[in-house]
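A short write-up of the structure that comes next.
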Amino acid sequence: MKTNQPVFALADGNSFYASCQRVFRPDLRHTPIIVLSNNDGAIVARSADAKPHVKMGQPYFQVKDQLKRHGIVAFSSNYAFFGDMSERMMAVLESHVAKISCYSIDEAFLDLTGMPGDLELLGRKIRADVLKKTGITCGVGIAYTKTLAKLANYASKRWQSQTGGVVDLREPEKLERCLRAIDVGEVWGIGSKLKMHLEGMKILSAWDLAQADKPMIRQTFSVVVEKTARELAGIPCFDLDEPDAPKQEICCGRQFGMRLKEKEPIKEAVATYIMRASEKLRARRSICKRIRVSISTGMFNPEEAKYANGVMVELPYPTDDVRLLTQAASAAVDAVFRPGYAYSKAEVMLLNLCQRGEYTDDLFAASQPASSERTMQVLDAINKKWGRGTLRTGSVPTSPAWAMRRELMSPCYTTRFEDLWRIP
DNA sequence: TCTGGGGTCCTAGGACCC
DNA sequence: TCTGGGGTCCTAGGACCC
């Protein structure tokens with residue numbers, strides 16, 4: 001075996017949002033719990049004991065009765081809290097290995113390449129340490145490619161009692177047994193559409209896809225599916241991502257807490273989303289050349305008249321200035337708004353991003369004035385010190401009627417002094 | 001009344017150029 | 001009689017992820 005052969009681990013928190021809530025509510029240790037999306041819309045997380053009773057993605061209003069019957073407790077999303085718990089978990093993971101790459105709020109790939117000793121044992125140590133320091137139980141999968149590490153992680157959960165939550169798939173016999181036992185639809189990168197298509201071709205298990213003819217897979221599907229198949233066969237095609245790889249686009253959009261029929265409140269919401277999106281933009285030291293603003297009515301209720309539209313706006317020069325972006329977005333709302341509809345959502349996207357340093361000014365075109373940069377620095381500094389939203393553009397209201405509903409919100413145990421845990 | 005938000009990557013197809 | 005084709009850029013849309 002080559003010593004430089006890459007080895008990946010994937011660690012992720014079990015039922016992450018639900019587990020976060022339980023850490024600070026030990027009284028609910030034996031009570032099934034679920035966590036809802038923004039606006040208390042749909043179920044986005046379920047504790048293990050809630051899983052048999054409700055489906056992921058189900059609308060909350062449809063299952064309210066069921067919840068009562070099974071004694072399931074629901075929480076609104078609390079991203080300040082979840083984000084902070086995530087940072088804690090990532091910090092523990094990071095302390096055990098040289099390189100990690102956060103893949104989502106609750107999972108990270110770890111680079112175990114060249115690590116000495118028993119890696120499965122290392123996995124168990126990491127798992128125990130995360131539990132001790134954060135209260136979150138995680139699963140760890142270890143393998144030669146990222147796709148196989150994801151699969152190993154899946155196995156660590158599906159056979160948790162046999163595996164103790166850690167699975168190392170580097171041994172060929174064990175890998176084959178595992179691949180044969182897992183449906184192709186469980187593979188990372190194979191969604192419902194591809195699953196159906198693959199099953200039609202008698203590719204039913206992860207093993208079948210690993211064995212499939214790669215050029216045929218590429219021809220029938222795409223290079224993406226081919227890479228997935230190669231990864232299953234043990235050939236690495238995906239590297240560990242760079243931690244701060246530049247983003248292609250930044251987007252911020254939400255359902256309103258109520259239907260909006262007038263243009264003004266929609267402009268307020270759009271200005272609020274621009275505020276948030278431009279913060280993210282500046283945090284990455286990027287600027288953007290165009291934005292897209294879209295608004296839409298509810299799309300599910302057959303009773304409602306439907307309308308959805310968006311416009312692209314080219315900016316006079318690449319910018320990260322919230323004032324210029326807000327102006328452009330406001331004009332965009334004027335262009336897409338049609339009276340007579342009940343709107344439920346708006347979204348802004350910042351597009352054509354580039355890094356500040358990379359952009360070369362056109363000698364004859366206008367560019368962002370230096371004063372703008374200083375103003376934005378002050379804005380960000382104030383909001384960092386005193387909390388998001390302390391200094392805002394004039395179009396952003398403090399507590400608008402259209403703000404999202406979060407009626408079942410837990411305290412922000414780890415990020416607000418007033419919400420600190422009290423032990424009676 | 002009520003159905004997430006934030007991303008990525010790839011492909012197809014049109015416009016344009018030579 | 002006799003319809004170009006390849007490269008490039010852009011956009012829209014699809015599929016996927018958590």
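A, B, ... follow the sequence lines: proteins, then strands. Residue 1 opens every chain.
With distances taken from any side-chain atom of A/Val223 to the nucleotides B/dT11, C/dC18, B/dT3, the minimum falls on B/dT11. Comparing B/dG7, C/dC16, B/dC2 by their closest approach to the side chain of A/Ile250 singles out B/dG7. Nearest nucleotide to the side chain of A/Cys251, out of B/dG6, B/dC10, C/dA15: B/dG6. Taking the side chain of A/Met312 as heavy atoms from C-beta on, and the options B/dT3, B/dC10, C/dA12, the nearest nucleotide is C/dA12. Of the candidate nucleotides C/dC18, C/dA15, B/dG4, B/dG4 has the atom nearest to the side chain of A/Val44. Closest approach to the A/Ser222 side chain among B/dC9, B/dG6, B/dC10 is made by B/dC10 (side chain taken as heavy atoms from C-beta onward). Of all nucleotides listed (B/dG5, C/dC17, B/dC10), C/dC17 comes nearest to the side chain of A/Trp188. Here the nucleotide nearest the side chain of A/Lys193, chosen from C/dA15, B/dG4, C/dC18, is C/dA15. Side-chain proximity of A/Gln255 to the nucleotides B/dG4, B/dC2, C/dA15 is greatest for B/dG4. Distance from the side chain of A/Lys247 is smallest for B/dT8 among the nucleotides B/dG4, C/dC18, B/dT8.
Distance, A/Phe238 CZ to B/dT8 P: 16 Å, rounded to whole Å. One can place CE of A/Met56 at 13 Å from P of C/dC17, the figure rounded to the nearest angstrom. One can place CD1 of A/Ile43 at 18 Å from P of B/dC2, the figure rounded to the nearest angstrom. Counting to the nearest Å, the P atom of C/dC18 and the CE atom of A/Met89 are 14 Å from each other. One interatomic measurement links the two molecules: CZ of A/Arg406 to P of B/dG5, which rounds to 12 Å at whole-angstrom precision. Taking atom CE on A/Met196 and atom P on C/dC16, their separation rounds to 9 Å, with Å as the unit. If you take CD of A/Gln62 and P of B/dC2, they are 12 Å apart, rounded to a whole angstrom.
Ring pair A/His70/A/His53 is parallel by interplanar angle, where below 30° counts as parallel and above 60° as perpendicular.
Among the atoms of the strands shown, none is found under 4.0 Å from any heavy atom of A/Tyr60. Within the 4.0 angstrom heavy-atom criterion, only backbone atoms of the sugar-phosphate kind lie near A/Lys150; the bases stay farther away. Across all strands shown, A/Ile190 has heavy atoms under 4.0 Å from sugar-phosphate atoms exclusively, and none from any base. Using a 4.0 Å heavy-atom distance criterion, A/Glu347 is classed as making no nucleic acid contact. Looking at heavy-atom distances under 4.0 Å, A/Asp12 makes no contact with the nucleic acid at all. Here A/Ser192 lies in heavy-atom contact (under 4.0 Å) with sugar-phosphate atoms only. A/Val187 comes within 4.0 angstrom of the backbone, heavy atoms only, and of no base.
For the P atoms, the distance from B/dT3 to C/dC17 is 24 Å, rounded to whole Å.
OP1 or OP2 of B/dG5 sits under 4.0 Å from a side-chain N or O of A/Lys345. For B/dG5, neither phosphate oxygen OP1 nor OP2 lies less than 4.0 angstrom from any side-chain nitrogen or oxygen of A/Arg276. Residue A/Lys280 places at least one side-chain N or O under 4.0 Å from the OP1 or OP2 atom of B/dG7. Under 4.0 angstrom from either OP1 or OP2 of B/dG6 there lies at least one side-chain N or O belonging to A/Arg254. The side chain of A/Arg259 contributes an N or O atom lying less than 4.0 Å from OP1 or OP2 of B/dC2. A sub-4.0 Å separation between OP1 or OP2 of B/dC2 and a side-chain N or O of A/Asn301 is present. One finds no side-chain N or O of A/Lys227 lying less than 4.0 angstrom from the OP1 or OP2 phosphate oxygen of B/dC9.
Side-chain polar atoms of A/Glu268 and A/Ser395 form no donor-acceptor pair below 3.5 angstrom. For the residue pair A/Asp106 / A/Ser104, a side-chain donor-acceptor distance below 3.5 Å is found, with atom types taken as modelled.
Distance CG/A/Asn78 to CG/A/Leu408: 11.5 Å, rounded to 0.5 Å.
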* Asked: Hey, mind stepping through A/Arg285 and A/Asp320 against salt bridge (charged side-chain N to carboxylate O under 4.0 Å, His left out) and telling me if it holds?
  -> CA-CA 9 Å; A/Arg285 298 203 44 77; A/Asp320 61 7; over 6 Å; no
* May I have the step-by-step check of salt bridge (charged side-chain N to carboxylate O under 4.0 Å, His left out) for A/Lys267 and A/Asp334, ending in yes or no? => CA-CA 9 Å; A/Lys267 283 195 173 185; A/Asp334 286 328; 3.0 Å; yes
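Comparing A/Phe221 and A/Cys252 against DNA chain B, the residue whose closest nucleotide sits nearer the 5' end is A/Cys252.
B/dC18 is paired with C/dG5 under the Watson-Crick or G-U wobble criterion, all donor-acceptor distances under 3.5 Å.
In summary, A/Asp380 and A/Arg282 engage in a salt bridge, as defined by a charged side-chain N under 4.0 Å from a carboxylate O.
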